[in-house]
Amino acid sequence: MSYVFEVPPPPTVPVAGRQDVFPVRRIFCVGKNYAAHAREMGADPTREPPFFFSKPADAIVADGAPVAYPPRTANFHHEIELVVAIGARGRDVPRDAALALVFGYAVGNDFTRRDLQAAAKEKGHPWDVSKGFDESAAISAIRASGEIGHPDRGRIWLSVNGAMRQQADISDLTWKVPEIVAELSTLYTLRPGDLIYTGTPAGVGPLHRGDRVEGGIDGIGTLANVIA
Ligand code: MN
């Protein structure tokens with residue numbers, strides 16, 4: 001069989017300390033998974049549980065790569081997040097077995113066209129154009145869980161041009177990693193190559209052309225991109 005055009009290779013993410021890379025299959029994201037961020041977005045975290053949305057795999061942007069300021073927005077936001085990289089297939093996985101599916105962890109930035117998201121919320125429209133646009137999923141190198149285990153605490157932070165914007169601890173996650181993986185596996189059969197952006201803490205805000213956005217999670221890594 002031949003294809004009508006050349007099939008591109010899958011998007012990939014480097015794995016720290018290894019030559020081989022992680023091929024990205026799908027990108028899932030968790031919404032409102034830190035109570036303080038839910039509140040800053042006008043939600044009540046005691047009444048609204050977290051939820052899922054997704055981005056296309058080719059939205060991936062590497063650490064150090066420039067990010068083009070996206071079209072059709074005047075309010076382009078950063079969201080620093082812990083990213084879970086799935087390395088094994090699983091469906092209806094119980095919480096106490098969920099970590100066995102995890103290949104490793106990375107630092108991600110869930111870039112958002114906040115004005116388009118607000119319009120979608122108001123109209124009850126899907127979030128795709130506000131979340132799943134080109135270059136909307138920055139990610140650091142993945143640290144394999146075989147090397148670092150499964151960190152459930154550690155400072156998560158983001159700065160813009162050196163000024164701190166977001167600071168929290170991944171132990172503040174509303175749904176912890178085993179709950180996220182277990183819950184998502186009841187909705188989709190998880191497969192190697194899937195990434196899960198686990199939600200952002202409070203302090204989201206706008207980015208402008210020329211900004212240098214940096215972030216990190218203690219024990220996992222750092223991520224830096226310039227808005228071009
Ligand atoms: Mn997010």
Side-chain angles (χ1 to χ4, degrees), residues 13 24 26-45 48-61 63 67 70 73 75-86 105-121 125-140 142 154-160 165-177 179-181 183-184 187-188 194-207 211 213-217 220-225 227:
V13 180
V24 179
R26 294 178 294 191
I27 302 174
F28 299 105
C29 304
V30 185
K32 299 195 177 100
N33 203 20
Y34 289 81
H37 172 64
R39 285 189 208 99
E40 79 177 344
M41 298 304 291
D44 178 351
E48 271 185 65
F51 56 91
F52 296 104
F53 59 93
S54 60
K55 297 179 185 251
D58 65 2
I60 285 291
V61 179
D63 178 30
V67 173
T73 185
N75 198 15
F76 177 46
H77 273 209
H78 55 78
E79 294 192 357
I80 196 73
E81 309 199 357
L82 169 69
V83 181
V84 177
I86 297 294
Y105 298 90
V107 180
N109 210 330
D110 166 18
F111 290 123
T112 302
R113 293 194 276 214
R114 194 70 71 198
D115 42 3
L116 298 189
Q117 185 193 35
K121 285 180 181 176
H125 286 176
W127 281 16
D128 302 50
V129 301
S130 66
K131 287 289 196 178
F133 51 95
D134 297 342
E135 301 184 350
S136 60
I139 188 167
S140 72
I142 295 169
R155 189 175 71 110
I156 180 170
W157 61 274
L158 178 140
S159 68
V160 179
R165 291 267 190 96
Q166 295 186 267
Q167 266 202 100
D169 196 286
I170 58 171
S171 62
D172 298 334
L173 282 165
T174 302
W175 279 350
K176 313 301 184 195
V177 171
E179 294 172 277
I180 294 168
V181 172
E183 178 74 11
L184 192 59
L187 293 162
Y188 303 90
D194 290 340
L195 295 175
I196 310 170
Y197 283 60
T198 59
T200 198
V204 300
L207 294 167
D211 282 349
V213 56
E214 295 178 82
I217 301 171
I220 295 178
T222 60
L223 172 65
N225 300 92
I227 310 306

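We use all heavy atoms of the structure for the numbers below, so side chains are in, but hydrogens, waters and symmetry mates are not. Atoms within a ligand are numbered from 1 in the order they appear, just like the ligands themselves. What you are looking at is a predicted structure, and each value in this text was computed from that prediction instead of being measured.
With sequence neighbours left out, D134 forms a side chain to side chain contact (heavy atoms under 4.5 Å, CB included) with no residue at all.
A 4.5 Å side-chain heavy-atom check between P70 and E135 finds every atom pair outside the cut-off. Proximity of Q166 to H78: side-chain heavy atoms (C-beta onward) are separated by under 4.5 Å at one or more points.
For the Mn ion (ligand 1), protein N/O/S neighbours under 2.8 Å (waters excluded) are E79 OE1, E81 OE2, D110 OD2.
Pairing each heavy atom of L116 with each of V129, the nearest pair is CD1-O, 4.0 Å.
Here Y188 and F52 keep their ring centres 6.0 angstrom or further from each other.
No donor-acceptor contact under 3.5 angstrom links the side chains of S140 and D63, judged on distance only.
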